[in-house]
Every structure is written in C-alpha cells, then in structure tokens.
Number of protein chains: 2
Amino acid sequence: MTVTKLKKRRPKSELGPPTNGNRTRIRARNEDKILDAALEVFADYGFKGATIDQIAARAGMSKPNLLYYFRRKRDLYVAVLERTLDMWLEPLSAIRADGDPAEEIRAYINRKLEFSKVRPTASRMFANEIIQGAPLLKTILHGGLRNIVDEKAAVIRGWAKAGKIADIDPYHLIFVIWAVTQHYADFASQVEAVVGGRLSDRKFFRETETAIDHILLRGILPTERI
Amino acid sequence: MTVTKLKKRRPKSELGPPTNGNRTRIRARNEDKILDAALEVFADYGFKGATIDQIAARAGMSKPNLLYYFRRKRDLYVAVLERTLDMWLEPLSAIRADGDPAEEIRAYINRKLEFSKVRPTASRMFANEIIQGAPLLKTILHGGLRNIVDEKAAVIRGWAKAGKIADIDPYHLIFVIWAVTQHYADFASQVEAVVGGRLSDRKFFRETETAIDHILLRGILPTERI
DNA sequence: ATATATCCTGACCAATTGGTCAGGATCAAG
DNA sequence: CTTGATCCTGACCAATTGGTCAGGATATAT
C-alpha cells in the first residue's frame with residue numbers, strides 16, 4: 001500500500017555499496033584488497049595524510065570504485081582498525097593464569113615482538129591513532145581493551161603476591177612490555193638509522209629478543225650487585 | 001651598473017619575511033608564539049593534519065601574518081623539530097662515563113621520564129615524525145643522533161665489560177629506555193584509558209618511576225629466582 | 001617630523017581531495 | 001537468452017587549504 005512499489009529496482013543512490021545479505025565473491029575479494037592497501041597507506045601517512053586515491057591505486061582500482069565499497073574515508077579507516085585490533089590483542093589474551101609465571105611473561109614478550117616483526121604496519125597504524133589521542137579508538141580502549149588488561153593484570157598481581165615474580169605494579173609491567181616490543185615496529189626507521197638493523201633480519205631479531213628478555217626479566221644491573 | 005637601482009626600497013615579493021641581520025623584538029616574540037603553537041598542533045594532528053590556519057589562530061594572528069614569518073608550512077615544521085631536538089637529546093648527552101654506572105643509568109631513565117612529563121607534546125611530535133619514516137628527520141637521525149648514541153653506547157659497553165652492569169647490548173639498552181619512557185608521553189591517551197593516570201599527577205608519576213626503575217634495573221623475576 | 005624598514009590584513013588564487021552521479025559493463029540466476 | 005542485481009567508470013562538484021599580493025598600519029631611527 002501507500003507509495004507505488006512497481007519499480008522493484010531500488011534507486012542507485014540508496015543502495016550504492018551495501019548489499020542485501022551475503023557478500024559476493026567479488027565484493028569479498030575487493031574489500032580485502034582495499035583493507036590491505038588502506039592499512040599500508042594509513043600507517044605511512046596517518047588518517048589525514050592518506051588519500052583515497054593513493055589507497056585505491058594501491059588496491060588496483062579507481063577511486064569511485066573504492067568508494068563503492070566504503071562510502072566514507074572514515075568508514076574505511078575504522079574498518080581497518082577493527083580488523084587489526086584482534087591481532088593486536090591476541091598476545092595478551094593468550095596469557096594463561098595456570099602457566100609458569102616466568103615462562104608466561106617471557107612468551108608474552110616474545111609473541112609481542114613477533115607481532116612487531118610480521119605486522120609492523122598494523123602496529124604503526126595503532127600508534128598513529130593513539131598518539132593523536134585515539135579520537136576513534138577511544139571507545140574501544142575504554143571498553144574491550146581495558147577489560148582484558150584488568151583481567152590479565154589481576155593474574156599478574158596474583159603471581160607477584162605469591163612471590164613468583166617481583167612485586168611490580170602489573171599495569172606498569174604490561175605498559176613496559178608494550179612500549180619495548182612495539183618500539184621496534186613503530187620506531188623502526190629510528191632503530192635502523194642508529195644501528196642499521198630490522199626485525200625482518202633473522203640475526204637482528206634474535207639479538208633484539210635476547211636483549212629485551214634479559215633486560216626485562218633479569219634487569220640491567222649485574223646479578224651480584226643485588 | 002646594469003639595472004636601475006634608484007628605488008632603494010626592495011620589492012615586496014623579495015623581502016617578505018626574512019630580515020637583514022638581527023631580529024626585531026616583535027619578530028622574536030612572534031616567532032616564539034608561532035613555534036609554541038605549531039608544536040601543539042603538529043603533535044596533535046601530524047604534518048598534513050595540521051593547518052596553518054589552526055596554528056595561526058592558536059598563536060593569535062592571521063594566516064598571512066604567520067606566513068610572513070615562515071613562508072612555507074614545511075619551514076615551520078622543520079623549525080619546530082630543530083627547536084625541540086636539543087631538549088630531546090639532552091638527557092642522553094648528560095650521561096657521564098666517569099659516574100657510577102648504576103646511578104648514571106637510573107638518572108638517565110629518570111631524566112627521560114621527566115622529559116615525558118614536562119614536554120609530552122615535543123615527544124609526540126617526534127613520535128609522529130619517526131613513525132611515518134622520518135622523511136625530514138632522516139638526515140638528522142643519521143647525523144647527530146647516531147654519533148651521540150654511538151658515543152654513549154661505547155661508554156655503556158665499557159661498563160658491561162667491567163662487570164659494572166649486566167652484559168647487554170648497549171644499543172638495545174638505550175632503545176629500551178627510550179621506548180619505555182617515551183611511551184608514557186606518546187601513548188598517554190592509552191595509558192589514561194586503561195589506568196586513568198597521567199604523568200602530570202604527582203602520585204602517578206612516582207608510581208611510574210618506581211615501577212620502571214624496578215623493572216629495568218632489577219628485572220621482572222624475583223631476586224631469589226636468579 | 002619624516003622617511004624607511006618592518007609588520008599586518010583582506011581579498012584572492014590554484015591545487016588537492018573527499019564525495020556524487022548517471023550510465024555502461026559484467027555477472028548470476030532462471 | 002533475458003533480466004535484474006552487482007560492479008565499475010569518467011566527469012564533475014564543492015570544500016579545504018597552502019600560498020600570493022597590493023597596500024595600509026606601525027614602529028624606529030635620524
């Protein structure tokens with residue numbers, strides 16, 4: 001009833017990109033290519049610095065075609081952030097309360113460093129966003145991230161209370177681990193300028209891992225000195 | 001000879017901002033205000049994200065007036081970077097080879113954390129630049145920074161050889177200290193989202209300093225365990 | 001007081017860029 | 001093969017923004 005409904009074809013302006021239910025093969029493939037390209041470009045230039053043209057070119061398509069899948073630049077940006085957030089959090093989630101404390105922490109450090117090696121752009125994209133005050137991530141930070149950090153901090157606090165690790169504030173412990181491991185992805189250009197090494201070099205990766213494990217787990221001072 | 005030189009007044013287009021020799025009082029004051037404003041805005045939005053209008057407004061002047069002092073956005077950006085570089089490097093420079101190693105390193109860590117407290121925007125501005133590959137800082141990184149790091153790394157290596165500190169690669173030691181201390185400035189929004197603390201709070205600053213000193217100097221594992 | 005250098009402004013321009021749109025090409029189902 | 005949905009494109013638009021410029025206001029030295 002009401003208005004005419006003769007034309008089943010929905011008007012162009014209305015549908016645009018979004019589809020009815022399930023995604024087409026073409027759509028799935030193209031969205032993937034776009035998200036990959038967008039991650040690179042956003043990580044390199046930040047939200048404002050990146051242009052849709054750049055991303056589209058990298059994804060091998062025209063700008064209007066990209067806009068067909070993601071109507072707004074911001075939509076694309078958010079999609080990329082969400083897509084990488086799980087990977088970013090996974091190493092922390094994997095900490096087990098019933099494992100050996102020292103080993104769990106060492107494994108966590110190494111997982112984070114591994115992430116910096118294999119997904120440096122994802123790390124840099126988050127870094128860009130957070131440094132600028134996380135205008136879009138803010139809700140996520142207060143929501144999911146905060147909860148999982150609280151949970152794992154409680155676990156670590158338990159270990160400290162039990163004397164399994166030193167009596168350190170668990171939140172700062174987590175921050176320190178984030179800071180150190182992410183540094184090698186986010187500030188890679190600086191690291192490379194100073195020592196000429198990249199995590200993708202097996203040798204440099206091992207050196208880095210060794211040094212970080214040593215400093216964080218055993219500290220800078222010599223054993224005898226304590 | 002050659003062309004007429006009757007008009008002593010140099011053409012507007014030629015002089016524009018630059019002055020002959022010494023800076024005027026007005027000029028000095030305005031350049032200062034501009035650089036202060038620019039630091040804030042560049043730190044918050046990055047090079048491309050910042051607009052000259054924004055910076056001019058924050059400095060309390062019109063855009064053409066700002067352009068009168070800094071003809072190009074890039075000139076201004078570089079000027080800000082150079083202005084803060086010394087402060088950024090100073091804590092490292094202050095390390096003395098003839099001091100007590102443990103105390104020197106602890107003091108260095110604390111100086112860097114202090115810097116993150118009092119000049120978080122300077123820290124964030126560098127972070128933005130370096131994350132994006134340091135297109136403009138690159139030469140500086142390879143030049144001055146690299147040299148001073150090499151110098152201090154040699155000092156630290158000497159301490160390690162003498163058994164005054166643990167046998168750790170000095171470059172990674174420096175990177176770890178940078179990473180941790182700068183994290184609290186660069187990723188302040190994340191830190192605040194998770195634990196609700198800022199370095200500007202005296203209490204939180206002390207907690208942070210304690211935790212960092214403990215982790216870096218004595219390590220995460222309990223003493224008995226070593 | 002006056003002249004000259006410095007400082008400041010409104011108006012303006014051109015390049016970039018996010019986003020739109022009408023219509024054509026292609027695909028998939030019947 | 002037909003038909004409707006999906007996919008893609010060239011042309012275009014409007015807002016933003018870095019930068020220019022002619023000329024007026026102000027300071028400063030003599």
Side-chain angles (χ1 to χ4, degrees), chain A residues 5-34 37-38 41-42 45-80, chain B residues 5-34 37-38 41-42 45-80:
Chain A
K5 217 177 170 182
L6 296 179
K7 303 187 69 149
K8 280 176 120 183
R9 194 171 191 166
R10 46 179 179 159
K12 279 281 179 73
S13 51
E14 178 200 310
L15 52 78
T19 179
N20 49 0
N22 45 359
R23 297 140 68 97
T24 318
R25 290 226 301 290
I26 294 179
R27 184 177 198 88
R29 218 189 79 237
N30 281 345
E31 283 184 352
D32 253 30
K33 287 203 299 184
I34 293 170
V41 178
F42 280 134
Y45 301 99
F47 176 73
K48 289 257 330 195
T51 71
I52 297 182
D53 267 313
Q54 252 180 117
I55 298 170
R58 193 166 205 135
M61 67 183 68
S62 68
K63 177 169 70 168
N65 197 10
L66 186 154
L67 265 331
Y68 170 73
Y69 291 104
F70 296 90
R71 297 177 85 141
R72 310 270 153 192
K73 189 186 187 185
R74 171 148 311 203
D75 295 347
L76 176 55
Y77 188 73
V78 172
V80 176
Chain B
K5 216 178 172 181
L6 295 179
K7 301 187 74 148
K8 282 176 120 182
R9 193 169 194 169
R10 48 178 178 157
K12 279 279 178 75
S13 52
E14 177 200 312
L15 51 78
T19 179
N20 49 359
N22 46 356
R23 295 139 69 95
T24 318
R25 291 224 301 292
I26 293 179
R27 182 176 200 89
R29 219 190 79 239
N30 281 344
E31 284 184 351
D32 253 29
K33 288 204 296 182
I34 293 170
V41 178
F42 281 135
Y45 302 100
F47 177 73
K48 288 257 333 195
T51 71
I52 298 181
D53 268 311
Q54 253 180 115
I55 298 170
R58 191 166 206 136
M61 68 184 66
S62 67
K63 177 168 72 168
N65 197 10
L66 184 154
L67 266 328
Y68 170 74
Y69 291 104
F70 297 90
R71 296 178 83 142
R72 311 269 154 194
K73 188 186 187 185
R74 170 149 310 203
D75 295 347
L76 176 55
Y77 187 75
V78 171
V80 176

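Chain naming here is simple, since letters A, B, ... match the order of the sequence lines and numbering starts at 1 in each.
Distance, A:Asn65 CG to D:dA11 P: 16 Å, rounded to whole Å. B:Phe70 has its CZ atom 12 Å from the P atom of C:dC7, to the nearest Å. One atom, CE of B:Met61, and another, P of C:dG10, lie 14 Å apart when rounded to the nearest Å. Rounded to whole Å, the distance from CG on A:Leu67 to P on D:dG10 is 14 Å. Distance, B:Asp32 CG to C:dC7 P: 14 Å, rounded to whole Å. One can place OH of B:Tyr69 at 13 Å from C1' of C:dT9, the figure rounded to the nearest angstrom. As rounded to whole Å, 11 Å separates atom C1' of D:dG18 from atom CG of B:Leu66. Summarising the geometry, the separation between CZ on B:Arg29 and P on D:dA27 is reported as 11 Å, rounded to the nearest angstrom.
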Report, one line per pair, each donor and acceptor closer than 3.5 Å where one atom sits in a side chain of residues 57-66 of chain A; sequence neighbours left out.
{"from": "A:Ser62", "atom 1": "OG", "to": "A:Asn65", "atom 2": "N", "distance (Å)": "3.3"}

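The phosphate of D:dC7 has OP1 or OP2 within less than 4.0 Å of a side-chain N or O from A:Tyr68. Look at B:Arg27 and you'll find a side-chain N or O under 4.0 angstrom from OP1 or OP2 of C:dC7. An OP1 or OP2 oxygen of D:dC8 is reached within less than 4.0 angstrom by no side-chain nitrogen or oxygen of A:Ser62. For B:Arg72, a side-chain nitrogen or oxygen approaches OP1 or OP2 of D:dT20 to under 4.0 Å.
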Collect all protein-nucleotide pairs involving nucleotides 15-17 of chain D in which both atoms are nitrogen or oxygen and the distance is under 3.5 Å.
{"from": "D:dT17", "atom 1": "OP1", "to": "A:Lys48", "atom 2": "NZ", "distance (Å)": "3.3"}

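Remark on DNA chain D: of its neighbouring residues B:Arg25 and B:Pro64, the 5'-side contact belongs to B:Pro64, judged by nearest-heavy-atom nucleotide. Positionally, the nearest nucleotide of DNA chain D for A:Asn30 lies more toward the 5' end than for the other of A:Asn30 and B:Phe47. Between B:Ile26 and A:Ile26, it is B:Ile26 whose nearest contact on DNA chain C lies nearer the 5' terminus.
Residues satisfying the side-chain hydrogen bond (donor to acceptor under 3.5 Å, both in side chains) test with A:Tyr77, not counting sequence neighbours, are A:Glu129. Judged as a salt bridge (charged side-chain N to carboxylate O under 4.0 Å, His left out), and not counting sequence neighbours, A:Asp75 has no contacts. Legend: residues meeting side-chain contact (heavy atoms from CB on, under 4.5 Å) with B:Ala28, ordered by chain and number and at least two apart, are absent. In this view, A:Gln54 and A:Thr51 satisfy the side-chain hydrogen bond (donor to acceptor under 3.5 Å, both in side chains) rule, not counting sequence neighbours.
Heavy atoms of other residues, nucleotides or ligands lying less than 6.0 angstrom from OH of B:Tyr45 number 12 at most.
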> What's the verdict on side chain to side chain contact (heavy atoms under 4.5 Å, CB included) for A:Leu76 and A:Phe42, showing C-alpha distance, side-chain angles and the deciding distance?
Replying inline: CA-CA 10 Å; A:Leu76 176 55; A:Phe42 280 134; 4.1 Å; yes
